[in-house]
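Below is one structure, written out as structure tokens; comments come after it.
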Amino acid sequence: MESYPDRHNCHSERSYAMLGTGALGGYYGGCLQKAGLDVHFLLRSDYNHVSQSGLVIESTDGDFTLSQVNAYQDVKDMPRCDVVAIALKTTQNHLLPDLLLPVLKDDGVVLVLQNGLGIEDAVAEIVGSHRVIGGMCFVCANKVAPGHIRHLDYKAISLGEYTADYHPAGITARMRQIATDFESAGIPIDLSEDLLLARWQKLVWNIPYNGLSVILNARTDELMANASTRALVEELMAEVVAGAARFDRHISSSFVQNMLDRTAKMKPYKTSMKIDYDLQRPLEVEAIVGSPLRLAEAAGTNLPQIRTLYRQLKFLDRKNQG
Ligand SMILES: NC(=O)C1=CN([C@@H]2O[C@H](COP(=O)(O)OP(=O)(O)OC[C@H]3O[C@@H](n4cnc5c(N)ncnc54)[C@H](OP(=O)(O)O)[C@@H]3O)[C@@H](O)[C@H]2O)C=CC1
Ligand SMILES: CC(C)(CO)C(=O)C(=O)O
């Protein structure tokens, strides 16, 4: 376990707020701070621990500890930042109207790191459509204890600018600036010209694996090892591709195969939705499954297997909450 000076002398002057310091906020925020960025962490139940003891990051790239971090339990105590990263679960997004504006600079941008579809629309309602970037995180990380994050595999992020009608916005200077910061922290960044395509591409993974991991009580390696569940994964992926196509976003068969191959190589992994289910926390069913399903059906595309998955997850989620 390496202890790092709390900040190297990084050259970027951009400040970052991590709203939520769990798996994603703790891992990416910790990497940014280790690289010398100015990072401010919003916490809830872990605030006392982290404000006293900092963050411990276990990682396949090498473990490290940040003995001191800028920890807060109220956004009103935070400095306004250039980049405000939303790293809450989407089940907490009803809080965003109170969380975003106090911590966002007038010329700042909100970086939505959450899984799902339609989240940027809700964020744009709060901060304006010109101040939103989507971030699709292909990382396997879990918060294993207060202030203790375990990074298991992968880590890349795809960035895409939000526009009110989801027309492709191309690659902007601020996307490149954020990419420079994350890459200085060892995080590979893919710059997407089309946020909506990138969002549907991430769902190719999330709808099958997050959903089936709960319904079948299975890790990703178990779903891949069994012929029946692998066939079910592929059928669900095909429906996601059909949903995207309804919005003129075309996902290739080679992309789908790449998702299957990466999962086959992935360390045995319990998805974030499965972890929430086991901890009896609310599931991100609406953002990850309900929202794309409703959008596709409203546009006239029938996705029967995703609809069945959605109904099963809604039942399990409600029953699990007691
Ligand atoms: N984990 C992963 O590998 C991946 C996750 N994602 C997505 O990233 C998003 C975040 O997931 P993940 O990091 O796993 O989630 P976690 O549950 O690990 O972290 C969320 C954190 O937000 C905190 N939080 C909740 N409400 C508040 C609040 N009002 N103020 C401050 N902090 C709060 C929680 O604190 P508390 O402990 O008090 O509840 C928790 O620590 C999700 O959309 C997920 O689907 C995407 C790719 C991979
Ligand atoms: C694809 C994966 C496993 C990692 O990005 C994920 O999105 C999750 O666990 O929520």
Side-chain angles (χ1 to χ4, degrees), residues 14-22 24-25 28 40 42 44 72 74-76 78-137 157-175 177-178 192-203 206-207 243-244 246-249 282-299 310 314:
R14 274 174 297 282
S15 55
Y16 284 76
M18 307 307 288
L19 302 189
T21 310
L24 254 67
Y28 287 124
H40 301 266
L42 182 69
R44 187 172 58 177
Y72 308 81
D74 189 334
V75 288
K76 291 192 285 297
M78 298 175 77
R80 286 181 180 274
C81 291
D82 297 293
V83 182
V84 176
I86 303 177
L88 307 167
K89 285 282 180 30
T90 52
T91 51
Q92 298 297 305
N93 282 12
H94 58 281
L95 302 172
L96 291 179
D98 295 327
L99 296 179
L100 288 174
L101 290 175
V103 71
L104 181 64
K105 282 184 179 177
D106 289 346
D107 60 350
V109 68
V110 175
L111 176 59
V112 180
L113 293 180
Q114 299 170 310
N115 277 324
L117 194 62
I119 309 160
E120 288 89 4
D121 296 302
V123 171
E125 288 285 316
I126 301 166
V127 303
S129 58
H130 60 295
R131 299 206 288 176
V132 185
I133 288 178
M136 284 54 64
C137 305
I157 304 174
S158 294
L159 299 181
E161 286 276 1
Y162 170 79
T163 53
D165 59 358
Y166 281 101
H167 72 265
I171 293 167
T172 62
R174 68 182 179 188
M175 285 170 67
Q177 290 164 353
I178 294 170
S192 172
E193 298 185 346
D194 183 348
L195 174 61
L196 188 58
L197 173 60
R199 279 285 176 202
W200 277 104
Q201 286 175 328
K202 185 71 190 319
L203 291 173
N206 284 121
I207 287 180
R246 170 58 65 176
F247 300 96
D248 294 326
R249 268 48 183 202
L283 305 184
E284 295 183 289
V285 185
E286 293 307 328
I288 293 174
V289 186
S291 177
L293 175 64
R294 284 188 293 274
L295 284 167
E297 289 183 333
Y310 173 71
K314 291 299 283 185

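Quick note: residue numbers are just sequence positions, from 1.
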With a 4.5 Å heavy-atom cut-off, do Ile171 and Glu161 have their side chains touching? no
For the side chain of Arg249 and the backbone of Gly243, is there at least one donor-acceptor N/O pair under 3.5 Å apart? no
Main chain of Gly25, side chain of Thr21: is a donor-acceptor contact present, judged purely on distance under 3.5 Å? no
Do Glu284 and Thr90 get their side chains close enough for a donor-acceptor pair, meaning under 3.5 Å? yes
Atom CG in Asn115, atom CG in Leu24: separation rounded to 0.5 Å? 8.0 Å
So which pairs with a foot in residues 100-121 pass salt bridge (charged side-chain N to carboxylate O under 4.0 Å, His left out), sequence neighbours left out? Asp82-Lys105, Glu120-Arg199
Residue pair Leu42 / Met78, side-chain heavy-atom distance below 4.5 Å: yes
Between Ala17 and Val103, what is the shortest heavy-atom contact and its length? CB-CG2, 3.8 Å
May I ask you to decide if Ala296's main-chain N or O and Arg246's side chain share a donor-acceptor pair within less than 3.5 Å? no
Checking side chain to side chain contact (heavy atoms under 4.5 Å, CB included) between Val123 and each of Leu100, Asn93, Ile133, which is the one that passes? Leu100
Between Val112 and Val132, which heavy-atom pair has the shortest distance, and what is it? CG2-CG1, 4.1 Å
State whether the side chain of Lys202 and the backbone N or O of Cys137 hold a donor-acceptor pair below 3.5 Å, judged by distance alone. yes
Under the side-chain contact (heavy atoms from CB on, under 4.5 Å) test, residues paired with Gln177 that sit two or more places apart: Arg14, Arg174
Please find the pair of heavy atoms, one from Ile207 and one from Pro292, that lie closest to each other, and give the distance. CD1-CG, 4.0 Å
Nearest heavy-atom neighbours spanning Ala87 and Gly20: CB-O, 3.5 Å
Taking side-chain contact (heavy atoms from CB on, under 4.5 Å) as the test, write out the residues that go with Ala122, two or more places apart. none
If I take atom CG from residue Leu197 and atom OG from residue Ser158, how far apart are they, to the nearest 0.5 angstrom? 9.5 Å
Less than 6.0 angstrom separating the ring centers of Tyr16 and His40, yes or no? no
Below 4.5 Å, heavy atoms only, C-beta onward: do Leu104 and Arg131 meet side chain to side chain? yes
Within a strict 4.5 Å, meaning less than it, do heavy atoms of the Phe247 and Leu295 side chains meet? yes
I need the Leu159 CG to Leu113 CG distance, nearest 0.5 Å. 8.5 Å
All heavy atoms of Leu195 vs all of Met136, minimum pair found to be CD1-CE, 3.7 Å
Indicate whether the side chain of Ser291 and that of Glu286 have a donor and an acceptor atom separated by less than 3.5 Å. no
Which heavy atom in Leu283 sits nearest to a heavy atom in Thr91, and how many Å separate them? O-CG2, 3.4 Å
Flag the pair Leu117 / Leu196 as yes when at least one side-chain heavy-atom distance between them is below 4.5 Å, and no otherwise. yes
Point-to-point distance, once rounded to the nearest 0.5 Å, from CG of Asp248 to OH of Tyr166: 15.5 Å
Is the closest side-chain heavy-atom distance between Leu111 and Ile86 below 4.5 Å? no
Within the structure provided, determine whether Gln114 and Leu88 are in side-chain contact (heavy-atom separation under 4.5 Å). yes
Min side-chain heavy-atom separation Val109-Ile178 under 4.5 Å: yes
